[in-house]
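Working notes, beginning with the structure itself.
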2 protein chains.
Amino acid sequence: MRLTMERTLEHIDYDDGTEELARFAKALGHPTRVAILKYLDRQSCCFTGDIVDVFPLAQSTVSQHLKELKNAGLIQGNVEPPKVKYCINEENWKLAKTMFSDFFGE
Amino acid sequence: MRLTMERTLEHIDYDDGTEELARFAKALGHPTRVAILKYLDRQSCCFTGDIVDVFPLAQSTVSQHLKELKNAGLIQGNVEPPKVKYCINEENWKLAKTMFSDFFGE
DNA sequence: ATAGTTTATCGTAAATAGACGATGAATTTA
DNA sequence: TAAATTCATCGTCTATTTACGATAAACTAT
């Protein structure tokens with residue numbers, strides 16, 4: 001017989017900056033996403049298809065990574081039919097920059 | 001038209017900084033690890049047990065997080081029997097600081 | 001020697017992440 | 001209207017992460 005584990009899994013309450021920094025960091029925690037952001041930063045903006053052409057990954061995979069970056073707030077997407085143009089979200093970019101900078105110490 | 005891509009599933013070769021930044025970011029991608037690092041930064045150093053006392057997590061879980069931070073190079077552990085003292089790895093800390101700073105732009 | 005302290009590691013369960021192809025939705029072009 | 005283009009989403013599979021308790025390893029103290 002096998003016992004199931006009583007898992008509380010209650011959410012730990014970290015202070016706000018901690019959670020937010022971790023969210024940004026998590027989004028940056030995959031080389032493809034770092035590379036996408038570097039690419040976006042060089043181009044200022046680009047379409048999904050441009051990125052798909054650059055990486056040896058399926059279109060759906062790239063789309064997934066873009067979604068994660070968008071959910072983390074690091075990029076934003078504007079529809080320009082039939083394409084979608086993605087750009088760095090400057091406001092959150094600055095915020096992330098500040099948060100990492102503060103974290104590592106001035 | 002997009003041709004079907006030969007699925008390598010092999011490792012994509014990003015440039016060096018990209019991989020390294022992603023490794024650092026991944027280590028920071030969990031709020032517990034961010035909190036541990038903040039704690040370590042305040043205390044300068046501390047023992048595993050100190051951290052276990054601070055977080056509502058099993059000792060083994062904390063130990064695992066410390067291992068990841070160590071593998072990422074952000075902390076280092078020195079044995080002081082019967083305890084292990086963990087400190088920020090200052091060299092890599094500075095490196096990470098610089099890399100994130102460069103990434104987000106001066 | 002024995003018992004206690006401290007921490008890492010093992011084994012495992014559950015959740016999340018990352019990859020793909022297929023499909024669908026929206027829009028443009030023929 | 002029909003076909004093509006562009007991209008997101010769905011379903012699925014595998015790998016990794018995160019958590020736990022149990023145990024082992026290393027050392028101290030009795």
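Chain letters run A, B, ... following the sequence lines, proteins first, then strands; residues in each count from 1. The basis for the numbers below is simple: all heavy atoms, side chains too, and nothing from hydrogens, waters or symmetry mates.
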For the pair made of [atom1] in [X] and [atom2] in [N], what is the distance, rounded to whole Å?
X	N	atom1	atom2	result
A:K67	D:dC10	NZ	P	7 Å
B:N78	C:dA8	CG	P	12 Å
B:N71	D:dT16	CG	C1'	14 Å
B:K85	C:dA8	NZ	P	15 Å
A:K83	D:dA4	NZ	P	18 Å
B:L66	C:dT9	CG	P	11 Å
A:Q59	C:dG18	CD	C1'	15 Å
A:L69	C:dA17	CG	C1'	14 Å

Side chain of [X] only, heavy atoms from C-beta on: which candidate in [options] is closest?
X	options	answer
A:L57	C:dA19, D:dC20, C:dG21	C:dA19
A:P82	D:dT6, D:dG21, C:dC20	D:dT6
A:Q64	C:dT28, D:dC7, C:dA19	C:dA19
B:F47	C:dT7, C:dC20, D:dA8	C:dT7
A:A58	C:dG18, D:dA19, C:dC20	C:dC20

For [N], take OP1 and OP2 only and decide whether either is under 4.0 Å from a side-chain N or O of [X].
X	N	result
A:H30	C:dA19	yes
B:S60	C:dC10	no
A:H65	C:dA19	yes

Just checking [X]: base, sugar-phosphate only, or nothing, at a heavy-atom cut-off of under 4.0 Å?
X	result
B:K26	sugar-phosphate
B:S63	base
B:K70	nothing
A:T61	base

For the CG atom on B:N78, are there more than 12 heavy atoms of other groups (residues, nucleotides or ligands in this structure) within a distance under 6.0 Å?
yes
Between A:C45 and A:Q43, is the side chain to side chain contact (heavy atoms under 4.5 Å, CB included) condition met? List the steps.
CA-CA 5 Å; A:C45 286; A:Q43 312 288 322; over 6 Å; no
With DNA chain C as reference, determine whether A:P81 or A:E68 sits nearer its 5' end, using the nearest nucleotide of each.
A:E68
Starting at the 5' end of DNA chain D, which residue's closest nucleotide do you reach first, B:P56 or A:D50?
A:D50
Pairing donors with acceptors under 3.5 angstrom, does anything connect the side chains of A:K83 and A:T48?
no
Is B:F104 reachable from A:L37 through a run of I, L, V, M, F, W or Y residues, each pair having side-chain heavy atoms under 4.5 Å apart?
yes
Assigning hydrophobic clusters by single linkage (Ile, Leu, Val, Met, Phe, Trp, Tyr; side-chain heavy-atom cutoff under 4.5 Å), is B:L66 placed with B:V84?
yes
Walk me through it: do B:W93 and B:F24 pass the test ring pair (Phe, Tyr, Trp, His ring centres under 6.0 Å)?
CA-CA 10 Å; B:W93 188 262; B:F24 281 135; 9.4 Å; no
